[in-house]
**Q** 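One structure, as structure tokens, below. Some questions next.
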Amino acid sequence: MKAIRRFTVRTVLPERLTGLEELSTNLRRSWHQPTRQLFRSIDARLWDATGNDPIALLGAVDPARLDELAADDSFVATVDGLVAELHDYLEKPRWYQSLPDAPASIAYFSPEFGIAAALPQYSGGLGILAGDHLKAASDLGVPIIGVGLFYRAGYFRQAISREGWQLESYPVLDPDGLPLTVLRHPDGTAAHVVLALPDGKALSARIWQVRVGRIPLLLLDTDIPENEESLRSVTDRLYGGGGEHRLLQELLLGVGGVRAIKAFVELTGAPAPEVFHTNEGHAGFLGLERISDLIGDGLSFDAALQVVRAGTVFTTHTPVPAGIDRFEVDLVTRYVSTDLLPGVDPADVLALGTEDYEGGDATKFNMAVMGLRLAQRANGVSKLHGEVSRGMFGPLWPGFDADDVPITSVTNGVHAPTWTDPMLTALAAEKFDGSDPTSCDWMSPVVSDKDLWSVKRRMREQLVSDARRRVSLAWQEQNPGVGDPSWFSELLDPDVLTIGFARRVPTYKRLTLMLHDPERLRALLLHPERPVQLVIAGKSHPADDEGKRLIQRLVEFASDPEVRRRIVFLPNYDIGMAKILYPGTDVWLNNPLRPLEACGTSGMKAALNGSLNLSILDGWWAEYYDEENGWAIPSADSAGDGAERDKLEADSLYDLIEHQIAPRFYDRGTDGVPTRWVASIRHTLATLSPELSAERMVTQYVERLYVPAAGAERRITADGYRPARDLAAWKKRVTDAWPKVHVAHVESGGVDSVPQVGDELHLRATVELDGLSPDDVLVEVVYGRAHESDRLDGVTHLELAPAEGDARPPVFAGTVPLARAGSFGYTVRVVPRNALIASPAELGLIAVAE
Ligand SMILES: *Cc1c(COP(=O)(O)O)cnc(C)c1O
């Protein structure tokens with residue numbers, strides 16, 4: 001029989017154990033080892049059975065056991081000690097509190113958050129990254145307020161049918177059983193946000209609060225009686241449904257999210273955000289809600305836009321155009337031609353998101369385009385991805401070189417306390433005086449090769465038993481009552497070189513590249529002296545049959561009796577599996593089509609656990625590969641076609657495993673330890689761990705983006721918004737004049753007919769400004785190495801200053817030193833200049849000498 005309703009009754013804890021309540025509801029317990037140990041000590045079997053969920057554990061544990069613990073003074077003292085420690089963590093100043101002029105708070109919007117296995121509000125890398133961002137912000141004391149949606153079904157659970165086909169199910173989450181509390185008014189009623197919809201309808205949402213260490217996370221939920229039936233399902237599932245459903249989710253996230261923050265600030269007294277960070281374009285509507293508020297304060301749309309831009313940071317996460325949200329312009333028009341955004345003219349909204357540039361489709365409203373136009377600061381998520389994004393979004397800044405496109409990069413990182421295996425953390429603490437594993441000197445002989453290798457073996461062994469358990473559970477589900485096949489007990493071997501590969505399964509990630517030459521793979525797996533084993537996992541998007549076929553091919557290959565002990569596909573990749581999988585591997589494989597992997601973070605999590613990466617030079621690996629921390633699969637970018645490229649790259653993959661990786665792994669000393677391999681592990685832990693940590697990432701966001709954005713926001717809002725009004729008026733004036741602005745004439749002198757190194761080139765440029773003042777523009781000579789096509793490389797910009805006298809049109813002059821022999825070229829360019837703009841390309845206006 002099926003229940004029609006379900007809820008969770010929380011345990012009443014014995015008086016002396018009430019501290020467990022606070023310890024279980026703050027999600028810091030998902031990464032704080034001593035707290036996890038405490039819950040495990042209550043009932044180890046239940047701890048495993050609940051997937052390490054303290055709330056479920058407290059709900060299920062025998063009350064007699066709780067009474068017993070309440071009588072145990074040493075247990076009670078541990079609880080009290082951990083509560084006190086948590087309070088210290090929540091209240092004492094941390095890194096951020098020492099910064100001058102840092103923003104009072106920062107709002108961080110994301111459509112998904114992967115924080116703990118018990119709260120599956122993520123589908124993959126984007127969500128895990130957002131979770132890690134909040135966790136590291138908490139550790140650093142960065143006052144972020146997270147904003148997202150509460151999906152009733154979370155992301156799907158994956159099973160694999162006998163035919164190898166992916167099956168999805170959507171376990172429904174019960175908020176009562178989760179560490180969530182409703183945001184309420186002082187009179188006890190729930191706070192709501194309400195969005196006006198077409199045809200006089202309205203969408204309401206309540207606001208769940210989650211505590212992630214010091215960080216409050218607000219999740220909007222439409223499954224409430226105030227909504228008509230069809231609207232209750234707006235937040236039913238992550239990325240469910242198509243155009244309109246998704247648009248409703250994104251309007252709720254952006255517009256509703258800002259309203260939720262206002263309610264939160266008002267009801268809790270938390271400081272209002274000075275900076276708004278949107279993690280990918282999905283939350284882009286947040287800028288429109290803020291514009292609407294500012295219009296309410298008496299600003300024009302254009303002036304309000306300047307304020308919003310100053311304080312907004314936009315992070316783009318995908319170089320795959322299909323990964324960007326686009327809506328039909330007509331659909332968006334219908335939703336913004338309502339009372340949704342008071343004071344905002346729909347035409348102004350459409351102008352922000354329409355692809356009205358070369359190569360764009362003017363019938364599409366593009367969330368990334370709007371994200372870039374609403375944010376003065378934008379970034380990609382690795383150096384290479386920053387570069388690719390500058391190229392991809394270049395058409396929004398016509399006339400500018402890709403290098404000038406105002407998109408920088410902050411390379412992703414991962415939250416080390418979450419992702420480092422407790423065994424490795426314990427080794428670091430034991431040998432390095434309590435240090436955490438990202439900050440100790442792993443090259444030091446304080447840790448012997450043998451110690452390190454034995455931890456690696458234990459982590460591998462833990463993966464092997466976890467894999468057997470999962471395979472057995474999957475079998476039980478499909479064959480109830482039938483015992484496990486006997487070969488399950490021989491699945492994987494804790495002493496065999498273990499390669500891991502797990503990720504979502506979009507085509508560009510090439511799940512099945514390893515099957516390119518099945519005979520060759522088989523030979524690697526079955527090598528008599530140097531065998532290899534593969535542990536694979538991944539989910540395909542429910543609507544992506546092609547991805548499902550890739551999984552099916554792998555599952556088929558892995559079910560062959562000859563190889564099945566050496567290769568396994570584990571169903572239902574999630575945070576819980578990932579935490580065991582990464583540490584258990586010796587090598588982490590990643591073979592995307594370069595440059596489509598924006599960053600990739602699973603390899604980072606593996607590296608934190610001493611795995612060596614084997615990857616295409618894409619995303620983070622292009623930046624950090626140093627020949628000692630793993631291997632680079634050469635990418636055959638210039639191959640004739642996709643098939644040839646796959647072949648070349650697969651061959652390199654097999655060669656590397658056969659000739660370099662396996663020999664090094666199996667090269668053992670008399671003590672059985674692979675000294676050379678362990679040296680690479682040490683090097684990886686010592687050099688990569690600090691770089692890959694989310695603390696490094698969040699620190700960079702603070703220093704490079706949040707602090708400058710808050711500064712810009714403060715400057716532009718000073719004096720009753722006067723600078724914002726001035727800037728809007730100035731932009732209009734400059735934009736109107738620009739068609740006539742041009743470099744009329746450039747004179748050069750100072751070099752002979754045979755220029756030599758050491759000579760100086762004197763330049764005078766006459767610039768027609770059509771009524772603009774010389775102060776409104778920046779005139780620069782741009783020089784560098786010239787190619788035959790006249791293209792300039794390795795360019796330097798040098799400002800030309802207004803020359804003496806009052807020539808009309810004005811003359812700008814300067815001197816370029818000829819410091820380098822070889823071909824030299826230069827040009828002169830004019831761009832708008834204003835202390836309140838963040839990049840010369842900001843207005844998209846440029847005039848170059850012809
Ligand atoms: C880290 C992680 C991802 C993202 O990995 P990528 O390498 O960025 O694809 C996806 N799912 C889970 C469960 C993860 O832990």
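Each ligand, and each atom within it, is numbered from 1 in the order the structure gives.
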**Q** Quick one: list whatever passes ring-ring contact (aromatic ring centres under 6.0 Å, His included) with His282, sequence neighbours left out.
**A**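 Testing His282 for ring-ring contact (aromatic ring centres under 6.0 Å, His included), a comparison that skips the adjacent residues, returns Tyr239.
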**Q** Does the plane of the ring in Trp631 sit parallel, tilted or perpendicular to the ring in Trp677? Use 30° and 60° as the thresholds.
**A**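 The rings of Trp631 and Trp677 sit tilted, inter-plane angle from 30° to 60°.
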**Q** Tell me, please, whether Tyr170 has Arg157 positioned over its six-membered ring: NZ or CZ under 6.0 Å from the ring centre and within 45 degrees of its axis?
**A**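 No cation-pi geometry.
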**Q** Do His415 and His133 have ring centres separated by under 6.0 Å?
**A**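 Here the rings of His133 and His415 have centres that are no less than 6.0 Å from each other.
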**Q** Mind checking ring-ring contact (aromatic ring centres under 6.0 Å, His included) for Phe113 and listing every partner two or more places apart, or none if nothing turns up?
**A**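 In terms of ring-ring contact (aromatic ring centres under 6.0 Å, His included), with neighbours along the sequence ignored, Phe113 is linked to no residue.
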**Q** Who's touching ligand 1 if we go heavy atoms under 4.0 Å?
**A**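 Within the 4.0 Å shell of ligand 1, which is judged on heavy atoms, sit Gly124, Gly125, Ile128, Trp419, Arg503, Lys509, Tyr573, Asp574, Ile575, Ala578, Tyr582, Gly600, Thr601, Ser602, Lys605.
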**Q** With sequence neighbours excluded, what pairs up with Val535 under the side chain to side chain contact (heavy atoms under 4.5 Å, CB included) test?
**A**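 Partners of Val535 by the side chain to side chain contact (heavy atoms under 4.5 Å, CB included) criterion, ordered by chain and then number, come out as Leu463, Leu492, Thr498, Val568, Leu570, Leu581.
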